[in-house]
A.B. asks: 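Before anything else, here's the structure in question.
Here is how names work: the chains are called A, B, and so on, in the same order as the sequence lines, proteins then strands, and each is numbered from 1.
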Amino acid sequence: MPERMTRDLPIHEIEDAIVASLGDRTRLVLSAPTGSGKSTRVPQILLDRGILDSPAGGQVVVLQPRRIAARMLAARVAQELGVRLGDEVGYQIRFENVTGPKTRIKFVTEGVLLRQMVRDDSLENIAAIVFDEFHERHLYGDITLARALDIQEAIRPDLKLIVMSATIDAAQLAGYLGGPEQCGLLHSDGRTFPVDVRYASRPSYDNRSPVWEQAADAFCEFSRASDPGDVLVFMPGAFEIQRTIETLGHRKEARGYRVLPLHGELATKDQDAAVARQDRPKIVVSTNVAETSLTIDGVRLVIDSGLARIPRHDPYRGINTLLIDKISQASADQRAGRAGRTAAGVCLRLWTASEHADRPVQEKPEVQRLDLSEVVLTLKSAGVHDLNLFRWLEHPGEKRIAHAEELLLDLGALRRGPDTHARITETGRRMLAFPLHPRYSRMLLAAEEFKCVHEACLAAALTQGRDILIRKIDKHTQDRREDLLGHKSPSDLFVLMKAWSHAAEHRFSIEECGKYGIHAQSARQVAPLFQQFLNTAKREGLSIHEAPATDAALQKAIILGFSDRIARRIDAGTLRCEMVHGRRGDLARESHVHHEDLIAVSEIREVGRSDGEVNTILSLATAVKPEWLEEFFPNDFGREIDVRYDAQARRVYAHEIRLFRDLPLGRKAVEPPPLEESARLLADEIVAGRLELKDWDHAVEQWIARLNNLAAWCPEFELPPITADDRRTLIEQICHGQFSYRSVKDKPVQHTVREWLSPMQQQMLDDHAPLRVKLANGRTPKVTYADKEPPVISLRVQELYDAHETPTVAMGRQKVLIHILAPNMRPVQVTSDLANFWKEGYPAVKSQLAGRYPRHEWR
DNA sequence: GAGCACTGC
């Protein structure tokens with residue numbers, strides 16, 4: 001029989017209030033910091049006080065953001081109640097279901113419940129749902145709460161919903177849950193030790209030394225005055241951690257300390273070492289893992305860089321970014337709290353108090369930061385057709401929703417309905433059976449057609465968790481790895497599959513994996529995923545073919561999931577690639593598909609470099625044959641004729657360029673088109689000096705190609721004689737963007753055009769030429785044209801900031817719309833004269849951004 | 001020569 005719990009934790013002070021509130025209303029927000037005992041005791045209170053005894057069945061489901069928490073909390077509650085884990089108290093996480101028919105208290109991770117809601121929205125047997133650690137605002141937690149509210153209103157009015165949070169603005173949350181009419185609001189105190197938070201005396205932008213130096217300085221200064229005990233240093237990533245450790249190694253104050261790194265890519269034994277008690281005091285230098293996921297007991301001093309690498313999905317470009325950013329006040333408090341777990345502690349922040357006040361209060365919720373494709377598909381299957389009307393706690397932004405819908409339409413998971421809202425298709429429903437990003441579920445469905453389901457399941461499993469191939473390895477390991485995996489491959493996924501198979505054959509032995517730089521723990525975790533996908537595929541009626549699939553079969557399946565990420569190498573000497581939709585990036589150095597011209601990439605990530613610039617890295621590449629694209633996407637092909645004039649030979653050459661969407665795939669020589677005569681006449685004009693040109697050879701070459709394109713666009717266009725009006729027309733065509741920006745951006749052509757013109761026309765060109773904007777960091781921002789509206793220049797805040805250091809170079813004096821893409825918020829728009837942007841437009845931008853986006857010091 | 005936070009179905 002369950003024992004009665006002891007009432008030794010702060011949460012019991014409001015036990016009666018909880019019971020009373022849930023007697024009146026079905027919703028409750030409970031704000032309580034760590035140490036209040038809410039996670040273990042609230043479920044027991046619900047059970048003990050009869051709140052779960054509803055006709056619908058008496059289970060409380062407690063949502064946890066992490067598996068390990070679900071497992072440990074269940075074990076602790078079972079122990080407190082004196083019952084066997086899996087009977088009255090159980091837990092369910094991916095791959096593990098430790099519950100039984102008697103289970104009344106069930107801890108689950110967020111994805112488990114969302115999946116359950118997709119299958120069955122009556123939530124039979126569930127009397128109450130508790131959302132724990134809701135302030136972390138994970139994507140699935142947000143969606144699960146919103147759906148639970150829908151379900152409560154539509155079919156389960158008796159369902160109790162309790163949202164627990166440590167730091168979130170509880171009143172706002174209570175408002176979302178219907179206000180005082182429908183939702184109770186309670187607060188409990190925690191039980192932690194006080195932490196003395198100290199700020200830097202100099203603002204961080206004033207301090208030119210790198211964060212690792214600053215952290216080491218702070219440590220040395222502190223340890224000269226008092227004994228720090230165990231120390232925890234927060235850094236944004238592995239690189240900075242390494243530098244911090246090196247720097248501390250040169251400081252005499254750090255002698256006698258064990259200095260240990262802690263981050264996700266470390267082997268388990270190294271992570272354990274950082275958490276374990278040492279024979280000497282220790283300094284653990286860690287990423288965000290130590291903020292929520294791992295606790296290190298005995299820490300009395302926290303040194304916080306205030307930085308983290310924060311992932312975001314940019315819906316404008318359809319890529320993921322991972323850039324270093326300042327953490328929020330809430331996150332900094334969470335980090336500081338790590339110094340007060342076992343005794344009073346100190347937290348040294350490497351930024352000033354006034355800078356702190358400028359930081360955002362909370363981190364942006366994931367729903368406003370990440371790719372929503374999977375969530376959108378889930379909601380569509382639940383009958384939410386207009387996602388802008390969904391009950392978002394915070395609206396993710398129309399662009400983010402639109403981007404997800406576009407991808408799902410491309411994948412065939414959605415189809416436009418009569419009311420313009422896209423509806424889920426049969427393919428979409430089948431895709432939803434797989435717990436995967438829709439791209440990968442699409443790949444698995446395609447794999448059936450190409451008879452490679454088994455292989456595709458493994459490929460999908462390998463992309464889910466941490467990379468199984470460790471990046472930083474020594475030369476010997478590198479050589480051994482190359483012997484095992486080869487140098488070239490049609491797909492990086494094949495390389496991963498080969499590495500994994502080797503690890504699996506050796507039962508994921510740490511020693512054997514270590515020889516090849518394979519992360520044994522990550523590789524081991526792939527196996528259950530692989531099995532889960534195979535089982536799902538079987539259940540969905542896909543046939544798991546016994547015969548090994550050909551490489552081409554799997555490559556084709558991959559392409560069907562990633563057709564909007566086709567890329568072409570620009571040249572053989574570099575890793576530069578151009579992609580469909582005008583994007584560019586660099587193929588990952590470690591890719592094994594470096595010998596191929598045309599690839600599909602499964603991952604695009606924008607990553608900050610140590611010099612402050614940004615790299616777009618294309619990884620997990622798969623070789624693509626153009627004829628496959630033709631087979632699958634016959635309507636996405638176009639062609640363009642490129643005519644060039646060879647001045648020495650005085651001949652015109654023509655090439656046909658094949659385009660996949662807007663990506664040039666290859667060129668082949670063709671008969672010069674009828675325009676040849678006109679082109680030659682034009683060339684003669686120039687050669688004869690009747691048109692003064694600088695750098696004429698190149699200019700002519702470019703210009704003739706442009707004229708040819710114009711003729712294709714406007715058949716009545718006659719080249720000779722070139723009247724002033726013709727020229728005007730030409731310029732206007734250019735100005736209105738009917739030539740691609742790329743085609744006229746080269747300097748010689750600008751020259752050419754200028755030289756043709758009367759002074760008045762030159763003025764017109766200056767006023768209306770396609771904008772050429774070059775930033776101080778060498779990047780050229782995107783410029784888009786629309787009818788009758790000023791051109792739009794899209795700048796990311798980072799670029800704007802970089803550009804501010806040295807002036808932006810820009811041609812053109814017309815008014816433009818400058819679109820500032822600031823992470824975490826709607827784009828800020830200002831209309832400005834570009835040449836005077838810093839004088840006129842920038843103050844407007846600044847006033848809109850300052851305070852809301854304190855990533856940089858706005859000057 | 002360059003480049004990578006953490007979870008979760």
Side-chain angles (χ1 to χ4, degrees), chain A residues 63-70 92-97 108-119 133 136-144 234-242 262-266 271 286-294 305 307-312 320-325 327 331 334 363 366 369-370 374-375 377-378 431-438 440-441 460-461 464-467 469-472 525 528-529 532-533 535-536 573-576 585-591 603-620:
Chain A
L63 241 58
Q64 287 296 326
R66 278 166 288 281
R67 292 183 198 166
I68 190 163
Q92 187 182 348
I93 59 181
R94 194 176 201 171
F95 312 130
E96 264 182 85
N97 187 352
V108 303
T109 35
E110 288 162 340
V112 170
L113 186 60
L114 187 56
R115 284 263 142 193
Q116 190 180 336
M117 285 178 170
V118 172
R119 284 194 303 271
E133 310 282 358
E136 293 192 19
R137 300 297 310 279
H138 291 170
L139 186 49
Y140 289 174
D142 269 21
I143 303 299
T144 310
F234 282 102
M235 284 286 152
F239 172 78
E240 294 79 8
I241 288 173
Q242 204 44 52
L262 178 60
H263 56 86
E265 206 177 290
L266 286 180
Q271 290 194 357
S286 173
T287 58
N288 257 347
V289 268
E291 187 180 312
T292 47
S293 305
L294 291 175
S305 66
L307 301 172
R309 285 196 165 79
I310 298 182
R312 298 189 175 90
N320 296 318
T321 63
L322 184 60
L323 302 172
I324 295 179
D325 213 336
I327 60 169
S331 185
Q334 179 76 15
E363 236 61 66
E366 284 187 352
R369 251 181 25 209
L370 301 183
E374 199 178 346
V375 155
L377 189 59
T378 306
M431 283 162 61
L432 212 54
F434 293 96
L436 277 169
H437 188 284
Y440 288 103
S441 355
Q464 297 307 298
R466 200 172 291 287
D467 199 343
L469 293 178
I470 298 166
R471 265 177 290 116
K472 282 166 190 153
Q525 287 162 357
L529 277 168
Q532 187 185 33
F533 298 156
N535 293 343
T536 309
T574 67
L575 294 167
R576 300 288 292 151
D586 294 338
L587 181 61
R589 277 198 298 273
E590 68 275 11
S591 173
E603 277 188 16
I604 309 178
R605 212 169 333 173
E606 191 175 63
V607 172
R609 273 186 356 206
S610 48
D611 60 5
E613 294 197 15
V614 164
N615 274 5
T616 306
I617 302 164
L618 314 179
S619 55
L620 298 181

A.B. asks: Report the distance from atom CD of A/Gln525 to atom P of B/dC9, rounded to the nearest whole Å.
C.D. replies: 12 Å
A.B. asks: Taking N and O atoms by type only, does the side chain of A/Glu590 place a donor or acceptor under 3.5 Å from a partner on the base of B/dC4?
C.D. replies: yes
A.B. asks: Within the structure shown, what part of the strands sits under 4.0 Å from A/Ile93 by heavy-atom distance: base, sugar-phosphate, or nothing?
C.D. replies: sugar-phosphate
A.B. asks: Test of understanding: with side chain to side chain contact (heavy atoms under 4.5 Å, CB included), list the residues that count as partners of A/Glu110, not counting sequence neighbours.
C.D. replies: A/Leu63, A/Pro65, A/His138, A/Tyr140
A.B. asks: Rounding to an integer number of Å, can you tell me how far A/Met235 CE sits from B/dA5 P?
C.D. replies: 13 Å
A.B. asks: Let me know the distance between NE2 of A/His138 and C1' of B/dA5, rounded to the nearest Å.
C.D. replies: 12 Å
A.B. asks: Indicate the atoms forming the closest heavy-atom contact of A/Phe533 with A/Leu436, along with that distance.
C.D. replies: CZ-CD2, 3.5 Å
A.B. asks: Whole Å only: how far is the CD atom of A/Glu606 from the P atom of B/dA2?
C.D. replies: 19 Å
A.B. asks: Identify which nucleotide among B/dA5, B/dT7, B/dC9 has an atom closest to any side-chain atom of A/Pro435, counting heavy atoms from C-beta outward.
C.D. replies: B/dC9
A.B. asks: Would you call A/Arg369-A/Glu363 a salt bridge at under 4.0 Å N-O?
C.D. replies: no
A.B. asks: Choose from B/dG8, B/dA5, B/dC4 the nucleotide whose nearest atom is closest to any side-chain atom of A/Val607.
C.D. replies: B/dC4
A.B. asks: Quick check against the 3.5 Å criterion: does A/Gln271 have a side-chain atom that pairs as donor or acceptor with the backbone of A/His263?
C.D. replies: yes
A.B. asks: Whole-Å distance between B/dC4 C1' and A/Ile617 CD1?
C.D. replies: 6 Å
A.B. asks: Taking A/Thr574 for the side chain and A/Arg576 for the main chain, is one N or O donor matched with an acceptor at less than 3.5 Å?
C.D. replies: yes
A.B. asks: Between B/dG8, B/dT7, B/dC4, which nucleotide gets closest to the side-chain atoms of A/Lys472?
C.D. replies: B/dC4
A.B. asks: For a quick check of understanding: with a heavy-atom distance under 4.0 Å over all strands, which category does A/Ala588 fall into, base, sugar-phosphate or nothing?
C.D. replies: base
A.B. asks: Would you say A/Glu291 and A/Ser331 are linked by a side-chain donor-acceptor pair, where the criterion is simply a distance under 3.5 Å?
C.D. replies: yes
A.B. asks: Send over the distance from A/Leu323 CG to B/dC4 P, rounded to a whole Å.
C.D. replies: 11 Å
A.B. asks: Between B/dC4, B/dT7, B/dC9, spot the one nearest the side chain of A/Arg115, thanks.
C.D. replies: B/dC9
A.B. asks: Looking at every strand, decide which applies to A/Pro311 at a 4.0 Å heavy-atom threshold: base, sugar-phosphate, or nothing.
C.D. replies: base
A.B. asks: Nearest nucleotide by nearest heavy atom, which residue falls closer to the 5' end of DNA chain B, A/Leu436 or A/Glu265?
C.D. replies: A/Glu265
A.B. asks: Could you work out which one of B/dT7, B/dC9, B/dA5 sits closest to the side chain of A/Val289?
C.D. replies: B/dT7
A.B. asks: For A/Gln532 and for A/Arg466, locate the closest nucleotide of DNA chain B by heavy-atom distance; then report the residue assigned to the nucleotide nearer the 5' terminus.
C.D. replies: A/Arg466
A.B. asks: Would you say A/Arg605 places a side-chain N or O within less than 4.0 Å of OP1 or OP2 belonging to B/dA5?
C.D. replies: no
A.B. asks: In whole angstrom, what separates A/Phe234's CZ from B/dC6's P?
C.D. replies: 12 Å
A.B. asks: To the nearest Å, how far apart are A/Asp467 CG and B/dC4 C1'?
C.D. replies: 10 Å
A.B. asks: Touch check for A/Leu322, heavy atoms < 4.0 angstrom, all strands: base, sugar-phosphate only, or nothing?
C.D. replies: base
A.B. asks: Under 4.0 Å from OP1 or OP2 of B/dC4: is there any side-chain N or O of A/Ser619 that close?
C.D. replies: no
A.B. asks: Look at all strands and tell whether A/Glu136 reaches a base, only sugar-phosphate, or nothing, counting heavy atoms closer than 4.0 Å.
C.D. replies: nothing
A.B. asks: Under 4.0 Å, counting only non-hydrogen atoms across every strand here, what does A/Arg67 touch: a base, just sugar-phosphate, or nothing?
C.D. replies: sugar-phosphate
A.B. asks: For the side chain of A/Thr109, starting at C-beta, report the closest nucleotide among B/dT7, B/dC4, B/dC9.
C.D. replies: B/dC9
